[in-house]
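Contents: one structure, followed by commentary.
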Amino acid sequence: RSGPPGAHPSRGAGVRPAAGDRLARWAAHPLGPAVLFLSAVAEACLFPAPTQAVFLALAVGEPPRAPRLAALAAAGGLVGAAVGYAMGAVLFERLGRPVLEWYGLLPRFAAMGELYRGSLFLALATSGYTPVPFVLYTIAGGTFRVPLLPFLAGAFVGRALKYAVLAGLAWWLGPAVHAFLARHLRWAMLLAAVLLAALLAAGL
């Protein structure tokens with residue numbers, strides 16, 4: 001789902017009844033995993049797609065396949081990250097800038113460059129736990145010419161950690177995961193980001 005320019009990044013994090021019905025149909029459809037993969041790709045390079053909601057619908061529908069779905073979503077995010085990086089590095093004026101302008105993300109663009117200069121891997125590894133759309137991370141990565149291989153490694157780790165946590169919540173809470181995230185998403189993501197940053201900093 002695309003939103004108007006400047007829409008809050010966390011808007012739509014919960015699943016509305018109508019959206020929940022559509023996601024439930026996707027979860028039961030054989031093409032559900034393909035929808036998840038394509039949504040993850042689009043979220044990383046085009047627009048804030050509802051990948052989290054698609055993932056949860058699929059994972060709650062069949063909890064045993066949640067780890068495989070998490071890997072699939074992380075792989076889609078990695079593909080999209082590579083595309084977003086290319087958009088920033090080669091096609092910023094033609095594609096990257098219009099995408100960021102449409103979603104009101106240009107004012108945050110310079111700050112993302114500073115964040116990368118501070119710690120590229122840490123910024124990307126915690127990207128799944130912030131309200132900043134991932135598309136800003138990827139396009140900025142290419143535009144600021146951050147090293148490609150560390151960028152891709154960090155992007156994959158960040159996406160994998162995000163969906164691993166969501167898979168665990170889906171397994172533990174079942175259908176109640178939607179209500180839990182609608183109420184506690186910001187605090188849960190903030191706590192996870194702080195803990196992850198502390199662990200990574202200690203490891204470095």
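No experiment lies behind these values; they were computed from the predicted model shown.
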Decide yes or no for [X] and [Y]: does some side-chain heavy atom of the first lie under 4.5 Å from some side-chain heavy atom of the second?
X      : Y      : value
Pro133 : Leu105 : yes
Leu100 : Arg108 : no
Val79  : Phe37  : yes
Val157 : Leu124 : no

Table please: side-chain donor-acceptor pairs of residues 135-142 below 3.5 Å, with sequence neighbours left out.
from, atom 1, to, atom 2, distance (Å)
Tyr137, OH, Thr130, OG1, 3.2
Thr138, OG1, Ala44, O, 2.5
Thr138, OG1, Val135, O, 3.1

Residues in side chain to side chain donor-acceptor pair (under 3.5 Å) contact with Thr143, at least two apart in sequence or another chain
none

Could you walk me through whether Tyr103 and Phe47 pass the ring-ring contact (aromatic ring centres under 6.0 Å, His included) check?
CA-CA 8 Å; Tyr103 291 102; Phe47 58 90; 7.1 Å; no

How close do [X] and [Y] get, counting heavy atoms only, and between which atoms?
X      : Y      : result
Ala73  : Ala40  : O-CB, 3.4 Å
Ala49  : Ala42  : CB-CB, 4.4 Å
Pro33  : Leu72  : O-CD2, 3.2 Å
Leu115 : Ala123 : CG-CB, 3.7 Å
Ala155 : Phe134 : CB-CZ, 4.0 Å
Pro63  : Pro67  : O-CD, 4.1 Å

Should Glu43 and Gln52 be marked as a side-chain contact (heavy atoms from CB on, under 4.5 Å) after you check the CA-CA gap, both sets of side-chain angles, and the distance that decides it?
CA-CA 10 Å; Glu43 181 185 15; Gln52 175 176 299; over 6 Å; no

Applying side-chain contact (heavy atoms from CB on, under 4.5 Å), run through Tyr85 and Val146 and close with a yes or a no.
CA-CA 9 Å; Tyr85 185 98; Val146 302; 3.9 Å; yes

When rounded to the nearest 0.5 angstrom, what is the spacing between CZ in Arg94 and CE in Met87?
12.0 Å

Starting at CG of Leu122, measure out to OH of Tyr116 and round the result to the nearest 0.5 Å.
11.5 Å

Applied to residues 114-125, the salt bridge (charged side-chain N to carboxylate O under 4.0 Å, His left out) test, sequence neighbours excluded, yields Glu114-Arg117

Please list all pairs meeting salt bridge (charged side-chain N to carboxylate O under 4.0 Å, His left out) that have one or both residues in residues 123-143, counting only residues at least two apart or in different chains.
none

Looking at Arg159 and Ala75, would you say the former's side chain and the latter's main chain have a donor-acceptor pair under 3.5 Å?
no

Backbone N/O of Leu36 and side chain of Ser39: donor-acceptor pair under 3.5 Å
no

Checking Phe92 now: which residues fulfil ring-ring contact (aromatic ring centres under 6.0 Å, His included) with it, not counting sequence neighbours?
Phe109

Pairs flagged by ring-ring contact (aromatic ring centres under 6.0 Å, His included) wherever residues 53-82 is involved - sequence neighbours left out:
Phe55-Tyr163

